[in-house]
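Numbering starts at 1 and runs along the sequence shown.
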Amino acid sequence: MSKYESATRPWEHGSQSQPDDEIDLRELFATLWAGKWLIIAVTLVFAVAGVAYALFKPNIYQASVLLAPASEEGGIGGLSGQLGGLASLAGISLGSGGSSQTVIAREILQSRAFLADFIRRHNLEVPLMGTAGWNPASETWVYDRDVYNPETGEWQQDENGESLKPTSWDLVKTFRENHLSVSENKANGMITVSVKSQSPPASQQWAEWLVADINEHMRREDIAEAEARIAYLEDKLNDTSIAGMQQVFYQLIESETRTVMLANAQQEYVFETVDPAVVPQEKTSPKRALICILATMLGGMMGVFVVFIRAFIRKDLPAGQKEE
């Protein structure tokens with residue numbers, strides 16, 4: 001019996017020490033109560049910082065325009081389908097239909113080359129990179145005079161004497177990341193072009209310019225391609241004496257001439273405006289109330305974390321150091 005009793009003692013000791021490893025809720029609440037002023041202080045600091053950050057952030061406004069692919073009836077897509085076989089006999093391609101043309105136009109709209117040309121054409125360098133905000137009372141830009149001098153129209157220099165004038169890379173990167181958004185509704189093919197800016201009128205104007213410019217860009221490209229095909233067909237027509245082939249060339253030249261005429265007559269060439277952009281009356285961001293709430297919650301969690309860390313460190317210190 002004595003051996004059995006001695007053998008069971010380690011188990012008894014283990015069962016007695018097990019509660020010491022469990023979390024004591026009363027001890028946790030006591031630790032939190034002892035550090036309540038620290039938690040309140042940390043939470044208050046974060047809340048004040050959140051309010052200051054929310055008030056410091058400028059208002060951002062967004063203007064959106066809803067677009068639909070332009071109608072293909074009687075246009076280039078129809079001509080391509082009708083005369084594609086004849087064109088293949090002549091060794092040329094009339095291009096694909098309207099769906100692929102819309103996809104290409106959407107990608108060009110977000111391309112670096114198109115956006116760089118768009119920014120330069122409409123003189124958006126200063127609004128993008130040389131301003132500090134927007135004055136709603138006077139409806140004018142507030143210039144960042146450390147970067148741009150509005151009186152002389154010149155960009156400032158850094159400490160090394162180099163000009164702060166932005167490059168095309170900087171301008172396109174800023175416009176893509178901070179201003180432009182293009183999305184497509186997969187269900188119906190509608191495309192939404194959104195532009196953000198500190199200036200409500202600027203966001204609306206830039207959105208309209210983007211739509212007009214991409215339509216004009218695609219029109220010019222198609223006209224140039226059609227005229228190049230006409231010149232090629234005319235050369236082939238002069239080189240052949242076969243009546244059947246001459247008839248084919250005449251039909252193709254007629255179709256390409258019609259393409260040029262339709263492109264010049266159609267104002268909204270690739271995208272038709274379903275819902276035009278308007279000057280926004282309400283800001284899109286920042287969400288100041290949400291920022292303040294998140295900052296306060298983060299401060300509370302940080303305060304609790306600091307209290308627990310401090311209690312853990314004090315618990316592991318020797319008795320002599322605790323007293324000190």
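Ion pairing between a basic and an acidic side chain is recognised when a charged N comes within 4.0 Å of a carboxylate O; R145 and E151 show such pairing.
Of all heavy-atom pairs between A202 and W141, the closest is CB-CZ2, 3.9 Å. Of all the heavy atoms in V307 and G35, the pair that sits closest is CG2-O, 3.5 Å. Heavy atoms only, all atoms of each residue included: Y148 and G153 are closest at OH-CA, 3.3 Å. Nearest heavy-atom pair across P166 and L171 is CG-CD2, 3.7 Å.
Looking only at distances, a side-chain donor or acceptor of R219 sits under 3.5 Å from a matching main-chain atom of Q266. Although no hydrogens or angles enter the test, the distance criterion places a donor-acceptor pair under 3.5 Å between the side chain of R176 and the main chain of Q110. A donor-acceptor pair under 3.5 Å links the side-chain atoms of S203 to the main chain of P200, judged by distance alone.
Side-chain contact annotation: R310 with T31, donor-acceptor N/O pair under 3.5 Å absent. Looking at Y143 and N149, their side chains never bring a donor and an acceptor atom within 3.5 Å of each other. Side-chain contact of E268 with T273: a donor-acceptor pair under 3.5 Å is present, judged by distance alone.
Cluster annotation: F56 and I293 are assigned to distinct hydrophobic clusters (Ile/Leu/Val/Met/Phe/Trp/Tyr, side-chain heavy-atom contacts under 4.5 Å, transitive). At a threshold of 4.5 Å between side-chain heavy atoms, the hydrophobic network of Ile, Leu, Val, Met, Phe, Trp and Tyr places V279 and W134 in two separate groups. M190 and L67 end up in different hydrophobic clusters when Ile, Leu, Val, Met, Phe, Trp and Tyr side chains are linked at under 4.5 Å. By the criterion of side-chain heavy atoms lying less than 4.5 angstrom apart, applied directly or through intervening Ile, Leu, Val, Met, Phe, Trp or Tyr residues, I60 is not grouped with V182; the two fall into different hydrophobic clusters. L298 and I309 fall within the same hydrophobic cluster, defined by Ile, Leu, Val, Met, Phe, Trp and Tyr side-chain heavy atoms under 4.5 Å apart, directly or through other members.
In this structure, the side chains of Y61 and P201 stay at 4.5 Å or more apart for every pair of heavy atoms. Residues F175 and L128 meet the side-chain proximity criterion, which asks for heavy atoms closer than 4.5 Å. Put simply, the side chain of V103 reaches to within 4.5 Å of the side chain of R106, judged on heavy atoms. N59 places a side-chain heavy atom less than 4.5 Å from the side chain of R288. V260 places none of its side-chain heavy atoms less than 4.5 Å from the side chain of R258. Inter-residue side-chain proximity for D275 and V65 is flagged as unmet; no heavy-atom pair is nearer than 4.5 Å. Side-chain contact between L290 and L294 is present, with at least one heavy-atom pair separated by less than 4.5 Å.
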Only distances under 3.5 Å count here; give the side-chain donor-acceptor pairs of residues 205-215 to other protein atoms, sequence neighbours excluded, each with its distance to 0.1 Å.
unit_1, atom_1, unit_2, atom_2, d
E208, OE2, Q204, NE2, 2.7
D213, OD2, R121, NH1, 2.4
D213, OD2, H122, NE2, 2.7
N215, OD1, V270, N, 2.9
N215, OD1, F271, N, 2.9
N215, ND2, V211, O, 3.3
N215, ND2, F271, O, 3.2

Just list the side-chain donor-acceptor pairs under 3.5 Å for residues 36-55, sequence neighbours left out, or say none.
unit_1, atom_1, unit_2, atom_2, d
K36, NZ, W33, O, 3.4
T43, OG1, I39, O, 2.7
T43, OG1, G300, N, 3.3

Kindly list each side-chain donor-acceptor pair under 3.5 angstrom involving residues 242-250, sequence neighbours excluded, with atom names and distances?
unit_1, atom_1, unit_2, atom_2, d
Q246, NE2, T240, O, 3.1

Check against side-chain contact (heavy atoms from CB on, under 4.5 Å), N185 and I191 | CA-CA 6 Å; N185 187 329; I191 297 173; over 6 Å; no
Give the intermediate values and the outcome of side-chain contact (heavy atoms from CB on, under 4.5 Å) for residues I253 and L237.
-> CA-CA 10 Å; I253 292 174; L237 178 63; 4.3 Å; yes
Check step by step if side-chain contact (heavy atoms from CB on, under 4.5 Å) holds for E154 and S163.
-> CA-CA 9 Å; E154 297 179 352; S163 175; over 6 Å; no
Quick one: do Q62 and V195 satisfy side-chain contact (heavy atoms from CB on, under 4.5 Å)? Show the steps, please.
-> CA-CA 6 Å; Q62 176 176 291; V195 177; over 6 Å; no
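Atom-to-atom distance recorded for T257:OG1 and L252:CG is 10.5 Å, nearest 0.5 angstrom. Atom CG of residue L180 and atom OG of residue S197 lie 12.5 Å apart, to the nearest 0.5 angstrom. I108 CD1 to R112 CZ: the interatomic distance, rounded to the nearest 0.5 Å, is 15.5 Å. Atom CE of M218 is separated from atom CD1 of I223 by 12.0 Å, given to the nearest 0.5 angstrom. Summarising the geometry, atom CG belonging to N264 is positioned 11.0 Å from atom OG1 belonging to T259; distances are rounded to the nearest 0.5 Å. Taking CE of M129 as the reference point, atom OG1 of T174 lies at 4.0 Å (rounded to 0.5 Å).
Shown here is K283, whose NZ atom has more than 12 heavy atoms of other residues, nucleotides or ligands within 6.0 Å. Other residues, nucleotides and ligands contribute at most 12 non-hydrogen atoms within 6.0 Å of the CD atom of Q267.
Taking D144 as the reference, A132, D146, V147 meet the side-chain contact (heavy atoms from CB on, under 4.5 Å) condition, with sequence neighbours excluded. With sequence neighbours excluded, the residues that form a side-chain contact (heavy atoms from CB on, under 4.5 Å) with D158 are N160, E162, L164.
In this structure, F114 and H217 have perpendicular ring planes: the angle between them is above 60°, well past the 30° mark.
Applying the salt bridge (Lys or Arg N to Asp or Glu O under 4.0 Å) test to every pair with at least one member in residues 186-196, sequence neighbours left out, gives these pairs: E184-K186.
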